[in-house]
Amino acid sequence: MEIKYSFQLKLRGDDFNGHFTNGLSMANSVSVHRCKKVFEDNDKTVFEADAYRVTAYHTEKNNIRECYTVFENISDSVLTLDMLSSFCIENIDADMMHRATSFWSAEGKLLSQKLTTLNMEKSWSGHGTRVEKFGQIGSMPVRKYFPFAALENTKKSEFVAVQLYCASSWQIELFRNNDPLTLTGGLADFDYGHWCKNVKPGESFASPKAVVSIGASLNEVCDRLVQAQKPRISPVDEDLPVIFNEYCTTWGNPTIENIEKIAKKISGSGVKYLVVDSGWYKKPSENWWEVIGDWNVNTDLFKNGIQEMCDIIKSYGLIPGIWFEFEKAAPLSEMYHNTNHLLKRDGVPITVEGQRFLDMRDSWCVDYLTKKVIHFLRDNGFGYIKIDYNDSIGVGCDGAESLGEGLRQTVLATQDFFRKISDTLPDLVIEGCSSGGHRLEPSMMQLISQASFSDAHECESIPLIAANLHRLIQPKQSQIWAVLRSKDDLHRINYSLTAAFLGRLCLSGEIFDLDDEIWENVLTAIRFYDKVKNIIKNGKTTQIVCQAEDYNHPEGYQLVLREYENTALLVAHTFKNGANPPIDMYLNGWTVADEFGSNLDNDFRGKAFLLKR
């Protein structure tokens with residue numbers, strides 16, 4: 001596919017494009033058309049106009065292109081950007097568009113549509129721009145959609161795919177007048193995300209990064225995009241240890257007694273981390289979500305301080321972890337009323353269902369959280385932090401030239417605090433979470449060791465969501481929960497455990513109430529995971545075959561094949577009416593070296609196969 005790289009730009013005061021696009025798209029404005037190309041090589045293209053210079057970077061790195069755009073003001077006046085693209089790919093010949101949709105507990109579902117279905121055929125005369133524009137507004141970057149798109153030429157089996165590195169409001173748009181197509185995207189523009197940026201004389205502004213991949217299949221281009229991500233993995237976390245998170249065990253009511261009970265049970269099992277989730281800071285009469293913000297250890301629960309709990313966890317050979325949601329404040333906290341340090345819109349604190357947001361641009365907030373989070377982790381001996389984030393700022397906040405720019409600055413300040421945590425505590429394992437998977441976006445994923453794949457802790461859709469994420473994040477970062485209930489039979493337990501082999505194995509639930517046979521089966525699963533985690537970490541997903549469409553009532557089966565050198569991992573799940581899937585089709589050339597799970601001769605079964613050449 002002979003594509004071309006360019007840019008899109010809209011300066012305030014310049015004419016909008018015609019073709020009935022005003023209010024729909026800011027692309028192809030006079031700000032673009034007045035620019036002339038002055039330089040081009042394999043890595044960048046430079047354009048100039050009388051008042052500004054635009055450099056569109058498109059640097060080739062290991063089968064992908066890293067793209068971003070730099071706008072320079074070379075005039076004597078302030079210029080206001082209302083739109084600046086991160087990437088602009090021209091000359092695309094395609095007839096199909098793939099996107100990854102995302103809602104709470106339904107992350108990454110593939111949406112594949114013909115361009116004819118989207119009414120994207122060119123008009124009879126070439127007049128009247130066809131536009132398909134989508135994105136996300138707020139501080140949950142994969143709410144509704146992931147910042148990802150792929151275009152396919154079904155006749156030629158050619159794909160071009162892109163992933164944006166943007167944790168604030170973003171947009172991607174596909175448009176055409178005549179053939180071929182143009183795909184562009186970046187920060188959500190002024191019309192869509194209330195973003196503008198004032199650039200003073202002599203100053204410049206750089207867009208967020210995007211990565212572009214070209215290949216012969218959707219799995220191939222997605223794998224290249226995912227492999228281009230460079231996550232910050234703690235040295236302790238490199239070998240993908242097993243996690244135990246006690247949230248689905250205590251439901252926000254951890255005590256010194258139940259934490260020790262869990263630690264005793266999982267000691268020597270192959271689990272490395274015991275993560276204490278929400279509630280460690282609340283009083284028994286309070287709900288955990290109503291008290292966040294002050295981060296004072298509840299001495300009713302932990303009479304001798306929380307270090308005693310850490311020491312107990314360590315005494316069982318485990319690394320202690322703790323939950324925070326430090327960007328937020330709830331009504332029963334003092335921080336909630338400290339409005340001088342909270343985000344506002346039109347002078348009023350942004351409040352979402354009783355929750356407010358710290359202004360992470362504020363040095364006072366950074367100093368406060370340094371003490372409450374970083375020093376707390378260091379002084380008490382924690383080796384793991386789970387950072388949650390359970391709502392969105394929305395369109396933006398005060399403090400900049402636009403609400404969208406205020407949001408962008410706030411999100412970047414949050415990312416700076418993530419970096420401060422890891423710079424101060426380099427061995428610390430950082431887990432990202434945002435109501436499960438609302439922050440599974442590359443610029444956030446690069447700051448952490450692993451992330452909660454979803455809040456779908458006990459749903460039948462877990463293997464579906466876990467497989468979706470192979471196209472979007474590295475499986476070695478995708479923490480998948482296997483919640484174990486004493487009422488579950490062996491087949492249901494195996495269904496959960498095998499789903500977790502699609503990423504990082506995280507256990508939770510009533511492990512001390514499981515009978516001996518079930519617990520021994522869990523230990524067998526951990527040993528099997530230990531055999532295949534090198535494939536999870538280093539492999540390439542070559543097949544995702546899924547018949548299920550309805551995630552609440554899945555039918556059929558799913559098969560996921562991930563290969564690494566002369567080994568592979570095949571994970572199979574059956575749903576309603578999905579018994580006896582065609583496993584042999586995917587064993588061609590492979591020998592089964594080991595397996596775990598239930599026979600696939602009935603509904604809602606799970607089985608995993610370690611394969612070798």
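Computed from a predicted model, the values in this text were never measured in an experiment.
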Inset, instruction - Inspect the surroundings of CG in Asp423 and state if more than 12 heavy atoms from other residues, nucleotides or ligands are less than 6.0 Å away. - result: yes
Legend entry - Ring-ring centroid check Phe302 Trp280, cutoff 6.0 Å: no
Legend entry - Side-chain ion pair, Lys531 and Asp594, N-O less than 4.0 Å: yes
Inset, instruction - Report yes if some heavy atom in the side chain of Ser392 is under 4.5 Å from a heavy atom in the side chain of His438; otherwise report no. - result: no
Legend entry - Arg485, Lys487, Arg492 screened by salt bridge (charged side-chain N to carboxylate O under 4.0 Å, His left out) with Glu458, the one that passes: Arg485
Inset, instruction - Examine Phe528 together with Phe501 and report whether their ring centres are nearer than 6.0 Å. - result: yes
Inset, instruction - Please work out whether the ring planes of Tyr247 and Trp481 are parallel, tilted or perpendicular, with thresholds of 30° and 60°. - result: perpendicular
Legend entry - Polar side chain donor-acceptor pair, Glu510 to Ser486, under 3.5 angstrom: yes
Legend entry - Pair Phe87 + Tyr68: ring centers closer than 6.0 Å: no
Inset, instruction - Consider only side-chain N and O atoms of Asp455 and Ser105, and report whether a donor and an acceptor are under 3.5 Å apart. - result: no
Inset, instruction - Check whether the side chains of Gln450 and Ser478 place a donor and an acceptor atom closer than 3.5 Å, and report yes or no. - result: no
Inset, instruction - Compute whether any side-chain donor of one residue and acceptor of the other, for Gln355 and Tyr336, lie under 3.5 angstrom apart. - result: no
Inset, instruction - Go through the steps for Lys61 and Ile64 under the test side-chain contact (heavy atoms from CB on, under 4.5 Å), then give the verdict. - result: CA-CA 5 Å; Lys61 293 184 178 180; Ile64 55 96; 4.0 Å; yes
Legend entry - Nearest heavy atoms of Val560 and Gln558, plus distance in Å: CG2-NE2, 3.9 Å
Inset, instruction - Could you verify whether a donor N or O on one side chain and an acceptor N or O on the other, from Asn538 and Lys476, lie under 3.5 Å apart? - result: no
Legend entry - Distance-only donor-acceptor check, side chains Asp237 and Tyr384, under 3.5 Å: no
Legend entry - His573 side, atom NE2; Ser496 side, atom OG - distance, nearest 0.5 Å: 7.5 Å
Inset, instruction - Output yes when Asp416 and Arg419 qualify as a salt bridge under the 4.0 Å nitrogen-oxygen rule, no when they do not. - result: yes
Legend entry - For Arg439, the option from Glu107, Glu431, Glu327 that meets salt bridge (charged side-chain N to carboxylate O under 4.0 Å, His left out): Glu327
Inset, instruction - Start with the C-alpha gap between Met335 and Tyr368, add the side-chain angles, then the distance that decides, and say whether side-chain contact (heavy atoms from CB on, under 4.5 Å) holds. - result: CA-CA 10 Å; Met335 177 59 74; Tyr368 173 79; 3.3 Å; yes
Legend entry - Short side-chain donor-acceptor distance under 3.5 Å, Tyr389 and Ser139: yes
Legend entry - Distance (rounded to the nearest 0.5 Å) between Met360 CE and Leu343 CG: 9.5 Å
Legend entry - Given Thr567, Thr542, Thr541, the one that forms side chain to side chain donor-acceptor pair (under 3.5 Å) with Arg562: Thr541
Legend entry - Member of Asn245, Thr249, Thr250, Asn253 meeting the side chain to side chain donor-acceptor pair (under 3.5 Å) criterion with Asp277: Asn245
Inset, instruction - Run through Leu428, Leu369, Thr370 and flag the one making a side-chain contact (heavy atoms from CB on, under 4.5 Å) with Ile421. - result: Leu428
Inset, instruction - For Asn390 and Glu325, test the side chains for any donor-to-acceptor distance below 3.5 angstrom and give the result as yes or no. - result: yes
Inset, instruction - Look up atom CH2 in Trp590 and atom CZ in Phe609, then write down how far apart they are to the nearest 0.5 Å. - result: 14.0 Å
Legend entry - Matching residue for Trp288 among Trp251, Phe324, Trp323, Tyr281 - test: ring pair (Phe, Tyr, Trp, His ring centres under 6.0 Å): Trp323
Inset, instruction - Using the side-chain contact (heavy atoms from CB on, under 4.5 Å) rule, take Leu507 and Leu505 through it: C-alpha gap first, then chi angles, then the decisive distance, then the call. - result: CA-CA 7 Å; Leu507 303 176; Leu505 175 58; 3.9 Å; yes
Legend entry - Electrostatic pair Arg527:Glu520 at N-O distance under 4.0 angstrom: yes
Legend entry - Plane angle bin for Phe376 and Phe382 - parallel if under 30°, tilted between 30 and 60°, otherwise perpendicular: parallel
Inset, instruction - To the nearest 0.5 Å, tell me how far Ile473 CD1 sits from Gln229 CD. - result: 7.5 Å
Inset, instruction - Give a yes or no on whether Asp516 atom CG has more than 12 heavy-atom contacts from other residues, nucleotides or ligands under 6.0 Å away. - result: no
Inset, instruction - Determine the interplanar angle of the His341 and Trp364 rings, folded into 0 to 90°, and report it as parallel if under 30°, tilted if 30 to 60°, perpendicular if over 60°. - result: parallel
